[in-house]
Amino acid sequence: MRSTILFLATATFISILAMTGITTTPAATVSADKPLTIDQKVDSLLSIMTLEEKIGQMNQYNGFWNVTGPAPKGGDAERKYEHLRKGYVGSMLNVRGVKEVRAVQKIAVEETRLGIPLIIGFDVIHGYKTISPIPLAESASWDLEAIKRSSEVAALEAAASGINWTFAPMIDISRDARWGRVMEGAGEDPYLGSKIAVARVQGFQGSDLSSPTTIAACAKHFAGYGFSESGRDYNTVDIGTSTLHNIVFPPFIAANEAGVKTFMNSFNELNGVPATANTYLQRQILKKKWGFDGFVVSDWGSIVEMIAHGHAKDGNHAAELAVNGGSDMDMESSLYVAELAKLVKNNKVKEALIDDAARRILKVKFELGLFDDPYRYCDEAREKEVINSKENHEAVLDMARKSIVLLKNEGNMLPLKKDGQKIALIGSLAADKNSPLGSWRIAADDNTAISVLEGMKKYKGNTLSYAKGADVAIGETSFISEVKINTTDKSGFPEAIETAKKADKVVMVLGEIGFQSGEGRSRAHLDLPGVQQELLEEIYNVNKNIILVLNNGRPLSLNWADENIPAIVEAWQLGSQSGNAIAEVLYGDYNPSGKLPMSVPRSVGQVPIYYNYKNTGRPTEPAPDLVFWSHYGDEKNSPLYSFGYGLSYTSFAYSDLKIQNNYSANKKVIVSVELKNTGKVKGKEVAQLYIRDMYASVTRPVRELKGFEMVELNPGESRTIEFTLTAKELGFFDNSGEWIIEPGAFEIYVGGSSDAKLKKEFDL
Ligand code: NOJ
């Protein structure tokens, strides 16, 4: 009977509650003919919940035993199981697959007093079983439709597997390639990052959250996590006010405006207060100023971690700080369930805050349709049909092609001829079927990606010879273990050198293994790990016709390669279809169009490095013999490859930049430019517009991306592209967080990267 009560979506819900003897609140006394709104249903439900049951909704546990097996005896699992049966668990993560999800949901629905269904969360970061490129790679496509589609596919598969909530997108802006989690984000720019955040939220959530093909999204990590000092994961963060408002916040604002249902806070502190207890971030900004009406989940154990941070005295204090600070759900600290009721009774926490948190969580459960049918996401037939379907693989292949960035192509080394060539393929990553899946792909089956070797074998007109050369890492690697770098074993070099000697062209696949980036995977060096650089140089000594294909989860500083290797392809970690996408690009069946979402440094010493830096008071050009300008004595200031940069097999020319300044009349500045395909093949170009606000009450960056458009042109074809700048593009956040537009001089740059030269000025 209990379980039936909550499936009903209409006013009868209330009458049945009455029949069970449960009293309803005034909110429930509505006309029996009129369907209740979700808010009314939530209020009615809340009115019959005990304090402990409300707190239970705020408690999230990790999957704790093989739920389809016998109930656990003793230890942590038994405690959690007991909590689940009492209705003291609102959500679980890392329970996946229809069978497993159904088993936990059944306990929540059939054994607890009120039968409230669980919300099942999972890190669906770049695909579920069918893996799409890592998010940083997808961002290099600048193709918002393709990114949205990729998230749709991920949602479709996850939802078919019983999951109804992903902890994605990660929308932390980062300027530091040492930080392993740059692979999970959209790079360094708040404008591009905001557009991608929206595409991903829309992709996951769709237009109907209650559909069994969509899942709730989660904007994370709020806030500042991408600015961990020295790129070391979990490290302290120290961000100025202007950077917080203008760089860190915008993607979160965009995700909220796109209707994201949940936020996750972050492990770091901000101004000495951990984000988990940060009232300014979670209450003042997120819930009050931005009006966010979903719920905030803590990061994994981030409530209990406040003790180690030196902010909370003990677990009781940590729970008090977290809930007062605006964290609605406790992921895996077990502190809400242990401490909140006591804190309410001791007047340390207002019950109204518990009500508010439980209300937010229940609302999302209603919106997901879980009260109509808690097994809505549990359909074995759909699971079988949807997972790894042909269409899903086509979608991630499309995304993979679009994510590739051509960094260098001297003497038109690429595309490769399709016939009569001897091609040597070198590097352990070339045959690796696991690394292309990248980090954060927990549900994927190991070794299921198409390798470059497999992809290239499909082109049968050439002779392909493969030699490993060297491994990147020693032994097995996994999501939880540290990667051990092989620095010594060069026993494969002779075979690789012999293979290269006989070839017309050598394709070398070098970079990082899949688990070398991601959470906890910071690096102090940004070069090729292991003996790969030596291998590259030794092969170069015998054959200079090298095409270097990079497989990596972060920008790598490869100065030697840039100076010596004629062709370089940034192919990231491209997911299940990686090898097919790379082969298509190498053979010219797909003309690359990706553009870097992060600057590539020349040296770790330049990091953090980003295109939208501020000018100093000192000259930017070297004054002869003078040292007092902002520079390094031993390295250039510029990156090796700039934000927004990427080549094509054709060439493009920009001309005729025009500005129509109608700001005083209709608050619009129209910028137009002529783009021409000046090469011999059809190609796509991402035309980018940057502004510079020349002087302002709070100094502005030397360039800021404020528009981009992807255009496909035939050889010789031209198109006029128009950008519209409004107050939204021309203003900025002042130091009190208010959006302001100041009159004065602006510069506009349009071109194919953040180094765009075509320039015009106007006054506002
Ligand atoms: C910790 C990570 O920081 C977060 O992004 C992730 O969603 C949770 N673990 C759950 O796996």
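Just the heavy atoms: all of them, side chains too, but no hydrogens, waters or symmetry mates, feed the values below. Just so you know, ligand 1 is whichever comes first in the structure, and atom 1 is the first atom listed for that ligand.
Under the ring-ring contact (aromatic ring centres under 6.0 Å, His included) criterion, no residue pair touches residues 298-318, with sequence neighbours excluded.
Near ligand 1, residues L93, D123, F167, R181, K220, H221, M264, F267, D299, W300, M331, W440, E519 each place a heavy atom inside the 4.0 Å sphere around the ligand atoms.
Classified by interplanar angle (parallel below 30°, tilted 30° to 60°, perpendicular above 60°), the ring pair F267/Y234 is perpendicular. Using a 30° and 60° split on the angle between ring planes, F263 and F292 fall in the tilted class, from 30° to 60°.
None of Q577, H393, E157, R441 except one satisfies the side-chain contact (heavy atoms from CB on, under 4.5 Å) rule with I131; the exception is R441. Residue Q205 forms a side-chain contact (heavy atoms from CB on, under 4.5 Å) with just one option from I215, V260, T166, L368, and that option is V260.
The line from SG of C378 to NZ of K106 is 12.0 Å long, rounded to the nearest 0.5 Å.
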